Asks: 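My structure is below; once you've seen it, I'll send some questions.
Every chain is numbered from 1, with letters handed out A, B, ... down the list of sequences. What you see is a predicted model; the values in this text were computed from it and never measured.
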Protein chains: 2
Amino acid sequence: MSEVTRPGGTRAIARDAVRARISEVAVDLFDEHGFDNVTVEQIAATVGVSPRSVHRYFPAKEDTVIGDPAGWGEHVRDQLAARPSEEPIWDALLASYEALLATPGRSEVQGRKAMRVLGSTPALRARNLEKHLLWARLLVPVVAERLEGDYRTLRAETIVQASLACFDIALTAWAETDAADSAVELLRRSFGALQPTA
Amino acid sequence: MSEVTRPGGTRAIARDAVRARISEVAVDLFDEHGFDNVTVEQIAATVGVSPRSVHRYFPAKEDTVIGDPAGWGEHVRDQLAARPSEEPIWDALLASYEALLATPGRSEVQGRKAMRVLGSTPALRARNLEKHLLWARLLVPVVAERLEGDYRTLRAETIVQASLACFDIALTAWAETDAADSAVELLRRSFGALQPTA
DNA sequence: GCCTAATATGTCAGACTCTGCCACTTCTGG
DNA sequence: CCAGAAGTGGCAGAGTCTGACATATTAGGC
């Protein structure tokens, strides 16, 4: 997954290109040496900019891998809001995430590498999860509207966060080197783990 | 939730008391001024120790709020492993978390305050999620053993992460000032949100 | 093409978190 | 009482990150 494309002139294009380049270099270095063994200074030197500039493009070192998921959260929210209102909520969520996975972004090779890096360091993975909580804030009102009965917000929170866990687990599994399944197939598997079977 | 009680003589007792004191002071300061506005130096000064000592007791500043998750994760894992093997997995997980909540620890006031502080800052939330990952590593093998069929690890991961989300959401709701329900009641509500109703 | 305002960049100092090292202090238990 | 174990604080330094500021670059209007 890469950044949301924003129209804004040549400078915006240049900015996005610099961001992408820094991120690409960072992910490669992390993949090779481990996140904790690569400094911001090293990333900057490899790209050919100053550390100060790296920090201008990415608030934190982790964000060179994670990127800025905010735009994608809005995308999922919009997809979810557009689902038929009588559709079961789990089906609606699954379809919304699938639509997201169908959106062009990083190449498959780079995407897998980034996910592998993400899964290799607990702090990095946790920060990624924390960023995805932003998605929860966008999705919970939409889900709550489809629920009836007591504790609607609590239940909506639960369903949304469980679905985010499915998404994370599916992508993590997909990133494993020998994974033969597509990300969508694995997503369906993890969603299925929470469906009525008992 | 406080530290796991470990027999080990007077020194262990003293260590636990120092940890508890540092944590109490930290949570109070964070609650009053915000996590990012309170330095480790300030916590140390208020307690009457050096910053170096604070770092001896807590690997990271965030851990002054979160505590040591390893002991509690093992506790939950042990509770889960001791459940009857034919019990539905969701019931077994719920019972294990309930047993954890029944363990004496911080006072209710301090517990609520810590949960509120936990939810207030991205860095704290992320570190708390990292704790979830640690627990997951302990719980997934136990859950996977109770599953049959394909993709057992993926499904176990999903179930465990979803249950941890339930736990987190319940505690967060409980920490809200006007919450009238007990933490256990809220935990049952969030678990219920993932049970067959559709 | 020229010029100007807007934007981008690098240098620098400093704040904060965290770690390893070491000298010194405290304390437990035989 | 005493020795060894454990605890403490001071210190330097590494790494991340931020604000300030001077300088460089560039887009766009004329």
Asks: Ignoring hydrogens and angles, answer whether the base of C:dG10 and the side-chain atoms of A:R56 contain a donor-acceptor pair closer than 3.5 Å.
Replies: yes
Asks: Would B:Y57 and B:D16 count as a side-chain hydrogen bond (donor to acceptor under 3.5 Å, both in side chains) here? Give the steps.
Replies: CA-CA 9 Å; B:Y57 286 90; B:D16 289 346; over 6 Å; no
Asks: B:P59 near the nucleic acid: base, sugar-phosphate alone, or nothing, with a heavy-atom cut-off under 4.0 Å?
Replies: sugar-phosphate
Asks: Among the candidates D:dG7, C:dA8, C:dG10, find the nucleotide nearest to the side-chain atoms of A:Y57.
Replies: C:dA8
Asks: Assess the residue pair A:N128 and A:K131 against the criterion (side-chain hydrogen bond (donor to acceptor under 3.5 Å, both in side chains)); give the C-alpha distance rounded to whole Å, side-chain angles, the decisive distance to 0.1 Å, and a yes or no.
Replies: CA-CA 5 Å; A:N128 187 44; A:K131 290 226 173 199; over 6 Å; no
Asks: Under 4.0 Å between any heavy atoms, over every strand shown, what does A:A60 touch: base, sugar-phosphate, or nothing? Just pick one.
Replies: sugar-phosphate
Asks: Tell me whether the side-chain N/O atoms of B:T39 come closer than 4.0 Å to OP1 or OP2 in C:dC16.
Replies: no
Asks: Once you measure the plane-to-plane angle for A:Y97 and A:W135, does it fall in the parallel (<30°), tilted (30-60°) or perpendicular (>60°) bin?
Replies: parallel
Asks: Side-chain donor or acceptor of A:R11 under 3.5 Å from a matching atom on the base of D:dG28?
Replies: no
Asks: Rounded to whole angstrom units, what separation is found between the CD atom of B:E41 and the P atom of D:dG9?
Replies: 11 Å
Asks: Nearest to the side chain of B:S50, which nucleotide is it out of C:dC18, D:dG9, C:dC12?
Replies: D:dG9
Asks: Name the closest nucleotide to the B:S53 side chain, picking from C:dC12, C:dT28, D:dG9.
Replies: D:dG9
Asks: How long is the line joining NE2 of B:H55 and C1' of D:dA14, in whole Å?
Replies: 13 Å
